[in-house]
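Every chain is numbered from 1 and lettered A, B, ... according to where its sequence line falls, protein lines coming before strand lines. Keep in mind it's a predicted model, so treat the numbers as computed, not measured.
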Amino acid sequence: MYETIYHRPSSVDEAAALFAKGSEAKYLSGGHTLIPVMKQRLASPSDVIDLGKIKELIGIDVSVDAVTIKAATTHYDVAMNGPAQKAIPALAHLASLIGDPAVRHRGTIGGSIANNDPAADYPSAVLALGATVKTNKRSISADDFFKGLFTTALADGEIITQVSFPIPAKAGYSKFPHPASRFALTGVFVVKTKSGDVRVAATGASQSGVMRVPAIEAALKANWSAGALDSVKISADGLMSDLHGSSDYRANLIKVMAQRAVTAAG
Amino acid sequence: MGVEGIGASVVRKEDRRFITGKGRYVDDIKLQGMTYAQFVRSPHAHAKVKSIDTAAAMKMPGVVGVLTGKEIVDDKVGNLICGWAITSKDGSPMKMGAWPAMAPETVRFVGQAVAVVIAETKNQARDAAEAVVVNYEELPAAADIRAAIKPGAPQLHPEAPGNVIYDWTIGEEAATDAAFKSAANVVSLDITNNRLVPNAMEPRAAIAEYNEAEEHFTLYTTSQNPHVARLVLSAFYNIAPEHKLRVVAPDVGGGFGSKIFIYPEEMVALWASKKVRRPVKWTGDRSEAFLTDAHGRDHLTKAEMAFDKDNKVTALRVKTYANLGAYMSLFSSSVPTYLYATLLSGQYNIPNIFAEVISVYTNTVPVDAYRGAGRPEASFVVERLMETAARQLKVDPGELRRKNFITQFPHQTPVIMAYDVGDFGASLDAAMKAIDYAGFPARKAKAKSEGKLRGIGLSCYIEACGIAPSKAVGSLGAGVGLWESAEVRVNPVGTIEILTGSHSHGQGHETTFAQLVADRLGIPISQVQIVHGDTDKVQFGMGTYGSRSAAVGMSAIFKAMEKVEAKAKKIAAHQLEASEGDIVIENGEFKVTGTDKSIALPMVALAAYTAHNLPDGMEPGLKEGAFYDPTNFTFPAGAYICELEVDSGTGKTSFVNFVAADDFGRLINPMIVEGQVHGGLAQGIGQALLEGAVYDSSGQLVTASFMDYTMPRADDLPSFKLNHTTTLCPGNPLGVKGCGEAGAIGASAAVINAITDAIGNNKLEMPATPDRVWHAIHG
């Protein structure tokens with residue numbers, strides 16, 4: 001690791017001010033991507049600004065319509081939060097599947113979606129549930145937030161403050177973990193909204209990061225059942241292909257995981 | 001035996017230190033004035049080193065020295081050697097390419113060191129290493145066996161045309177061919193034995209200290225065999241004469257074979273410590289471990305088995321290409337030859353065997369012994385063939401094996417080995433009973449009705465370990481003898497120190513070796529201390545690998561104990577005014593049999609050291625040494641059966657049951673044996689399902705971290721059900737066989753046999769990842 005200056009601000013405004021002052025500052029919110037990359041000397045931020053201890057960024061609020069998770073809330077806290085489990089069980093379940101216990105106690109929802117790893121779990125929930133990402137500057141809808149591999153709509157220095165998930169009629173998440181990293185080799189989040197709309201998002205599969213799956217959405221809209229997907233064909237075009245999963249295998253996993261997610265959703 | 005003697009599952013003495021964080025590993029050692037080494041490593045798989053500019057690095061803060069490959073060659077530090085000579089079928093010696101500790105002219109694998117920076121702190125060394133400018137001219141690379149043997153392939157070493165190190169054969173070719181011609185049935189398979197990264201928990205490390213006034217070096221290193229390291233560093237690498245070089249291997253966190261070898265890093269640390277006149281520490285990180293630890297396995301094999309009309313095996317014919325990487329590591333040549341092809345008879349009476357092994361250079365890190373070393377590859381060939389044959393011949397795989405089991409001992413195979421004892425049918429019976437083999441068809445049918453693919457797979461392995469009779473291995477090309485030594489020191493107060501040439505890096509010797517002493521003298525193991533891993537303390541030893549420490553190392557202790565007991569009995573008889581022949585040892589006391597007269601061990605010891613009243617002519621003291629050279633290998637064998645289900649939607653394998661029935665002869669500490677089997681099975685299952693080192697065609701290691709290389713985790717593994725059957729090894733005084741490698745040797749075939757049974761497609765390579773299994777099901 002190269003030398004860097006570590007900051008632990010106590011407010012979002014202070015964090016943003018520190019970021020503006022640094023020559024090549026980086027926010028830290030969990031650090032499971034940033035720290036390993038720094039240790040390998042592949043990143044050398046001038047300043048590391050830890051958002052993890054900012055009180056206004058921690059907590060979960062459940063209303064009649066939405067589950068709102070503040071950005072520095074850990075995966076563990078989401079997985080174990082009773083009201084959240086009750087409101088959107090699939091979301092709490094997803095959080096319980098991320099990494100391992102050590103990761104879940106340190107990693108945060110804001111860190112995950114800001115990083116937008118193409119195999120991270122959370123982006124699928126954000127996209128499928130049509131969540132709203134709130135920052136210190138504005139609100140961004142899920143459909144506008146994810147812009148491809150490790151790329152988001154966030155401007156330089158912009159800080160996610162919370163993510164608000166509308167409570168759906170039904171939702172399910174099914175993940176096939178990468179054998180080595182335990183990221184999603186493919187994970188699919190299926191949602192039936194209270195208005196009857198169907199939104200399905202797949203992570204870990206596409207070369208462009210998290211994506212909607214229109215073929216599955218159409219089939220489920222017509223018939224919300226695992227069996228409705230039997231005849232759906234998922235194209236392998238544009239899907240990732242690597243040591244642990246060829247693109248045709250991932251195409252299969254999109255369908256199979258979607259079926260299992262629908263079954264889980266009930 | 002007593003509560004802590006042979007056969008007792010005594011809790012490991014060493015675990016108090018390990019689980020409370022009080023272990024003392026190389027990286028825990030800090031010497032006065034210590035500096036830190038950072039290697040500059042090649043990013044290319046094959047390249048000429050055109051120039052190295054160290055000027056900028058030398059000016060960096062804290063830098064003590066920057067040394068290059070040219071300097072180490074100029075200082076006449078010897079090239080790394082391979083210590084086992086293999087002769088090709090045409091009579092020519094193996095083709096050993098030059099391997100300098102740092103490359104002066106040519107790099108041949110990604111991660112090979114070209115220079116080293118020595119600095120006051122680790123970070124300063126890293127900073128300066130980045131400032132060393134190396135100008136490479138890239139050359140085309142041959143990253144795997146197929147690429148290396150292609151006509152026109154890039155040539156790695158001028159000494160080895162066509163990248164062939166040797167083309168070696170064993171067995172009778174003509175007789176084997178004739179048996180195939182007259183066979184009723186022939187079964188054949190193409191097999192890839194996947195390449196593995198050892199991944200010991202503790203990465204390799206070295207600290208070298210040079211004492212200028214004494215012209216003496218001390219090396220602290222992560223070694224399985226510190227005496228062999230000293231011998232090789234002294235005799236071949238010109239570091240220092242043996243009496244001027246002390247090698248210490250303190251607590252070592254796992255080896256699995258990868259810490260047998262002497263690596264460039266410890267040579268450079270020693271050499272550099274004299275150059276900079278400061279102690280030099282190098283601790284590898286995980287990335288360096290992936291790139292530079294010797295890998296294991298990596299075979300391509302075509303294997304055929306011939307059967308007569310009664311389904312008796314009549315012949316086995318095997319052709320194997322083995323990848324030894326860019327250079328020949330210390331024992332690399334022996335692994336795909338004498339540790340592999342000599343086990344191709346398996347548990348079966350096979351009258352004709354012929355094997356050809358062609359070892360080749362590739363632009364990858366060297367390949368050498370890794371848990372099992374050749375024997376997993378052999379067992380996989382034989383047991384995959386047996387299972388395939390059973391399916392082809394439409395007979396039960398257990399019955400086909402039984403029909404061909406060796407039942408008379410000793411048994412001379414056509415490939416050198418003379419099996420001393422065994423009962424293969426008993427192991428198979430025990431395993432079948434444990435898994436309810438007879439009930440499997442009903443379980444499979446039930447699973448099918450639930451939409452699940454269920455399979456069962458057998459693996460009846462045998463291995464040769466407890467290496468080895470020195471004379472025998474010497475005649476096969478080994479550069480060293482493979483005996484072991486021990487010294488028993490009874491202190492004046494009656495406590496005992498055992499000095500052994502074996503080295504424990506996870507095996508629990510501090511407990512099991514003490515149990516032997518406790519057993520013989522009837523004293524608690526707390527009165528026994530095991531001393532190992534330091535060439536200044538232990539006279540000599542060959543170290544720990546090849547499941548040899550019980551069979552060979554403990555046998556040496558046994559012999560030394562006999563000498564100590566004989567002398568102690570003489571002293572006791574003298575003190576008790578009894579006849580020596582009437583003295584028996586019980587519960588730490590020397591008793592005159594049939595009387596109530598006795599003298600306790602501490603009093604005998606004290607008498608030996610005060611020497612006030614010893615028998616006439618007896619030397620004072622109570623300390624004896626012994627060397628033990630085994631008469632044969634030991635032959636652990638057993639049966640593993642795996643039952644599993646495959647999810648046809650994802651190709652994921654889930655274990656239903658995994659049973660093992662091993663014959664390890666006498667068990668010293670059953671709990672430790674079980675731990676060894678668990679670890680071995682985890683590595684065998686890891687090879688079958690999860691692990692695989694993959695280089696891309698340019699020679700970059702794709703699986704260079706745990707994000708891509710799948711290490712087995714607890715939830716990948718079943719809860720093992722272990723059984724033991726026992727035939728005592730006649731070749732050593734304890735009747736023990738080795739248990740350290742069996743799991744890794746036998747497990748992988750059982751898993752692949754079970755998956756291929758479940759999916760009804762025999763074409764499946766390791767690691768059987770969900771992706772591969774899914775493709776095997778769906779095309």
What residue in T650(B), V694(B), L689(B), N123(B) has the most heavy-atom pairs under 4.5 Å with chain A?
T650(B)
First locate atom CG of D285(B), then atom NZ of K39(A), and finally report the distance between them rounded to the nearest 0.5 Å.
9.5 Å
In terms of heavy-atom proximity below 4.5 Å to chain A, should M711(B) be classed as side chain, backbone, both, or neither?
neither
Contact listing (chain B partner; residues 236-266 of chain A; heavy atom under 4.5 Å):
L243(A), H244(A), G245(A), S246(A), D248(A), Y249(A), N252(A), L253(A), V256(A), M257(A), R260(A)
Y76(A) atom OH, neighbour heavy-atom count above 12 within 6.0 Å:
no
For R41(A) and E130(B), run side-chain contact (heavy atoms from CB on, under 4.5 Å): C-alpha distance rounded to whole Å, both residues' side-chain angles, the deciding distance at 0.1 Å, then the answer.
CA-CA 10 Å; R41(A) 297 190 155 204; E130(B) 288 176 5; 3.0 Å; yes
With only heavy atoms counted, which part of S705(B) is less than 4.5 Å from chain A, the side chain, the backbone, both or neither?
neither
Tell me, yes or no, whether the heavy-atom count around R106(A) atom CZ, taken from other residues, nucleotides or ligands under 6.0 Å, exceeds 12.
no
Contact check, side chains of R126(B) and M1(A), non-hydrogen atoms, under 4.5 Å:
no
Quick check on the interface: out of W774(B), Y709(B), F706(B), who has the most heavy-atom pairs with chain A under 4.5 Å?
W774(B)
More than 12 heavy atoms of other residues, nucleotides or ligands under 6.0 Å from NZ of K147(A): is that the case?
yes
Side chain, backbone, both or neither of H775(B) within contact of chain A (heavy atoms, under 4.5 Å)
side chain
Value rounded to 0.5 Å, distance of CZ in F176(A) from NZ in K652(B):
5.5 Å
Measure distances from P770(B) to the heavy atoms of chain A and classify the residue's part below 4.5 Å as side chain, backbone, both or neither.
both
Kindly check if the number of other-residue, nucleotide or ligand heavy atoms within 6.0 Å of CD (E24(A)) is above 12?
no
Report yes if the side chains of Y2(A) and D127(B) come closer than 4.5 Å at any heavy-atom pair, otherwise no.
yes
Expected output: side-chain R713(B) to main-chain A180(A) donor-acceptor under 3.5 Å:
yes
Interface moiety of D696(B) toward chain A, non-hydrogen atoms closer than 4.5 Å:
neither
